[in-house]
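Residue numbers start from 1 in every chain, and the chains themselves are labelled A, B, ... in the order their sequence lines are given, proteins ahead of strands.
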There are 2 protein chains.
Amino acid sequence: MKTISEDEEGPRPTPTIREVASAAGVSLGSVSRVLNGHATVTPDIRAKVEKAVAQLGFKPNAVAQSMRSGASRTVGCIIRDINIPGLAGFVRSAHDVLLQEGYALLLTNSEGDPKRERELISVMMARRADALLLGHWSEQDQGLENTLREVRFPVVLMDREEPRWADSVMVDHKSSIRHATQMLAQLGHKRIALITGRDTLYPARSRIEGYREGLLSANLPFDPRLIHTGTFEAEFGYESISQLLDDSDRPTAVIAGGIEMMPGVLRSIRTRGLSIPHDISLVGTLNSPLAEFHQPPISVEDWDYAKLGRIAAKFALDRIRGEDIPNPRRFILPSEIVMRGSCAPPPR
Amino acid sequence: MKTISEDEEGPRPTPTIREVASAAGVSLGSVSRVLNGHATVTPDIRAKVEKAVAQLGFKPNAVAQSMRSGASRTVGCIIRDINIPGLAGFVRSAHDVLLQEGYALLLTNSEGDPKRERELISVMMARRADALLLGHWSEQDQGLENTLREVRFPVVLMDREEPRWADSVMVDHKSSIRHATQMLAQLGHKRIALITGRDTLYPARSRIEGYREGLLSANLPFDPRLIHTGTFEAEFGYESISQLLDDSDRPTAVIAGGIEMMPGVLRSIRTRGLSIPHDISLVGTLNSPLAEFHQPPISVEDWDYAKLGRIAAKFALDRIRGEDIPNPRRFILPSEIVMRGSCAPPPR
DNA sequence: GCACGTCAATGAAACGTTTCCTTGACGTGA
DNA sequence: TCACGTCAAGGAAACGTTTCATTGACGTGC
């Protein structure tokens, strides 16, 4: 028995259910049943327990609950970087849905490092996450796929399509980029370039597909020199468009398919003293104050990251609850092209 | 004893330390010692255990570890909205530091709802977080303060100064806004307006202080009609600056001290057909692609959120480790004014 | 009046670790 | 040779819950 002396240092540890029981003069089990709102409990007992709980300031220990129940009521989230525009919106809305159901969100950034990515998955396993929201960095990393296979919790992918056996919420980049390509063609552009990430990732792959379909439907030739794939980042955008613009036979329109790309692209165009849209038409990725308030405003491929987050969370919850969904589920979120002043007919 | 039959459905639960022990033919305690790298363990035993661990694919159960050790190795983070520009940078770098030390980050958004804020603190208590990073919504909410007092873990405030007994990492808005005010005065502005959040929050309070100091040092009168306090958001920025601009005696310069304010401010200025900086000079908050690529580029108060996050995490870790720091610690991060084309002498 | 069914409360067991006490083996020094 | 010290391994207890089998009280129907 622990002696609690007045002069003991620091606050004494939070009371346990056991202390509540003895304070209320009832059994351990009864306290538990009251706390969990079980049916078979007398008003009398309920009152006693509630009084003791309030008096002692008892807070249930979620760790012990997890321990006993085997469910941590925690959902992991591994993304490259919460700091990437838009991702915060995804995380926020996923968090909202999860919180409402009593789940907490364990957020981690892989920073695009495959090794770290696997470590983080390990962390999620060790912490017995109940599900994982994952936007991984390469869809062709066999090691990652193997790790994922060993995982004990459902996985929901974010804008990824591999591994196929996992649920996924994806953005329909293909349709919107097809659309953008067609619109540019309709304005009279013949040389339309596409800059996007490496095709080991779904968003890049699907943009490339859409681009090719768009060219095809507009009867424009496909020129592989007009596709640049690398990363989704500003620096790559800068390098890439600079190279395109410095070519003697430069494109008259560019689709920049990378969320973080815009500043790099704009910088390059400005440095060269070119004007949007007179010299070059531009379609960016993801709406932002920058796109909206730029002069001229920039056309973008845009989608609702918040909705994506909500649905990802819902997918995860469904799996956690063991609803029997035999096949992997995919949700394809439409994305749209917001046409703005950055697109015009090509220079004659 | 549980029978594991071949045809049993689903993957069998992850092995426990006990199974590892029996597989390796050693005792429970020895396995634990090997796993935790204790000194007193024979190479022979170590080898056996490691082999068994590898064979069974054993992963330690962090929940059980927390249960036993009383430390969850989890740090909570409550902010208004991860989606607010800059905050993601704070979270990211805090996460980095914590992860490196084996801590996970439990992220939540209060959405500026005091009730929800308190619930979230409750969540952190229940989950036995080891520390809390908190950017709360009102520094004058007595209920919140009381709740915080009952908390069993150290609290590190983010850009807040109340309650005083907690550690805090803050941005030196006062100096930079004083500086901005002085610079505008130097350009010849006599009527400089300040728009910022409610003064129940430190960032607004300190900006107002800096503004007043700046006016004073420039020998400009303080006109209360030129201070608008409300929220840090675009809509308030819009309303607020609209009102200022529509006044017959309108200001010639505006400092918009709110992270999310810029789009609203710009919209209003544009709607009125005014030109920056000829009709009105503008200083915004927090650097962004928008500020940088706007025509003209917009001057801003800017600071390093990543650094703030790192230091907040470090503060938390220090407290967790019980380093005996008797008094609350404050870190004041300098912020700077980036002067750009949006500031010029006032119209004559 | 007795047996039985119902229902609420009790108390023990279990979840997977870590820690600490105990045991046993071995070596050393008197 | 014996006593003792050292060291590694074993095993039990404990962390705070939930759950489940058990107990006991009470009422009902025969």
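Two end axes, each from the C1' atoms of five base pairs, can be drawn for the helix from dG1(C)-dC30(D) to dA30(C)-dT1(D); they diverge by 70°, to 10 degrees.
Heavy atoms of other residues, nucleotides or ligands lying less than 6.0 angstrom from CD of Glu101(A) number more than 12. Other residues, nucleotides and ligands contribute over 12 non-hydrogen atoms within 6.0 Å of the CZ atom of Arg330(B). Annotation: Glu150(B), atom CD; neighbour count of heavy atoms from other residues, nucleotides and ligands within 6.0 Å does not exceed 12.
In this structure, Ile17(A) atom CD1 and dG11(C) atom P are separated by 14 Å, rounded to whole Å. Remark: P of dT19(D) and CG of Leu35(A) are 12 Å apart, rounded to the nearest angstrom. Separating the CZ atom of Arg73(B) from the P atom of dT18(C) is a distance of 12 Å, rounded to the nearest angstrom. Look at CE on Met67(A): it is 11 Å from P on dT18(C), rounded to the nearest Å. Rounded to whole Å, the distance from CG on Asn61(A) to P on dC15(D) is 12 Å. One atom, CZ of Arg127(B), and another, P of dT17(D), lie 15 Å apart when rounded to the nearest Å.
Taking only distance into account, the side chain of Arg68(B) meets the base of dT18(C) through a donor-acceptor pair shorter than 3.5 Å.
A heavy atom closer than 4.0 Å to some atom of DNA chain C occurs in Val26(A), Ser27(A), Gly29(A), Ser30(A), these being the qualifying members of residues 21-30 of chain A. Within residues 42-51 of chain B, the residues approaching DNA chain D are Thr42(B), Ile45(B), by heavy-atom distance under 4.0 Å.
In plain terms, the two heavy atoms of Pro114(B) and Gly112(B) that are nearest each other are CD-O, 3.5 Å. In this structure, Ser30(B) and Ile45(B) approach most closely via the heavy-atom pair CB-CG2, 4.2 Å.
By the 4.5 Å heavy-atom criterion applied to side chains, His95(B) and Ile82(A) are not counted as neighbours. For the pair Val41(B) and Val49(B), the minimum side-chain heavy-atom distance is 4.5 Å or more. Inter-residue side-chain proximity for Arg128(B) and Thr14(A) is flagged as met; some heavy-atom pair is nearer than 4.5 Å.
Listed pair Thr16(B) / dG16(C) fails the phosphate criterion, with no side-chain N or O lying under 4.0 Å from OP1 or OP2. Gln65(A) has no side-chain polar atom (N or O) that falls below the 4.0 Å cut-off from OP1 or OP2 of dG16(D). At least one side-chain nitrogen or oxygen of Asn36(A) sits closer than 4.0 Å to the OP1 or OP2 atom of dT18(D).
With respect to the salt-bridge test (charged N to carboxylate O, under 4.0 angstrom), the residues Glu50(B) and Lys48(B) do not qualify. A salt bridge does not link Lys314(A) to Asp167(A): none of the charged side-chain nitrogens sits closer than 4.0 Å to a carboxylate oxygen. Note on Glu117(B) versus Lys115(B): no salt bridge recorded, every NZ/NE/NH1/NH2 to OD/OE distance being 4.0 Å or above.
Interatomic distance, Leu132(A) CG to Met125(A) CE, rounded to the nearest 0.5 Å: 11.0 Å.
Looking at the side chain of Phe58(A), the nearest of the listed nucleotides dT17(C), dT17(D), dG16(D) is dT17(D).
Take the nearest nucleotide of DNA chain D for Ser69(B) and for Arg33(B): the residue whose nucleotide is more 5' is Arg33(B).
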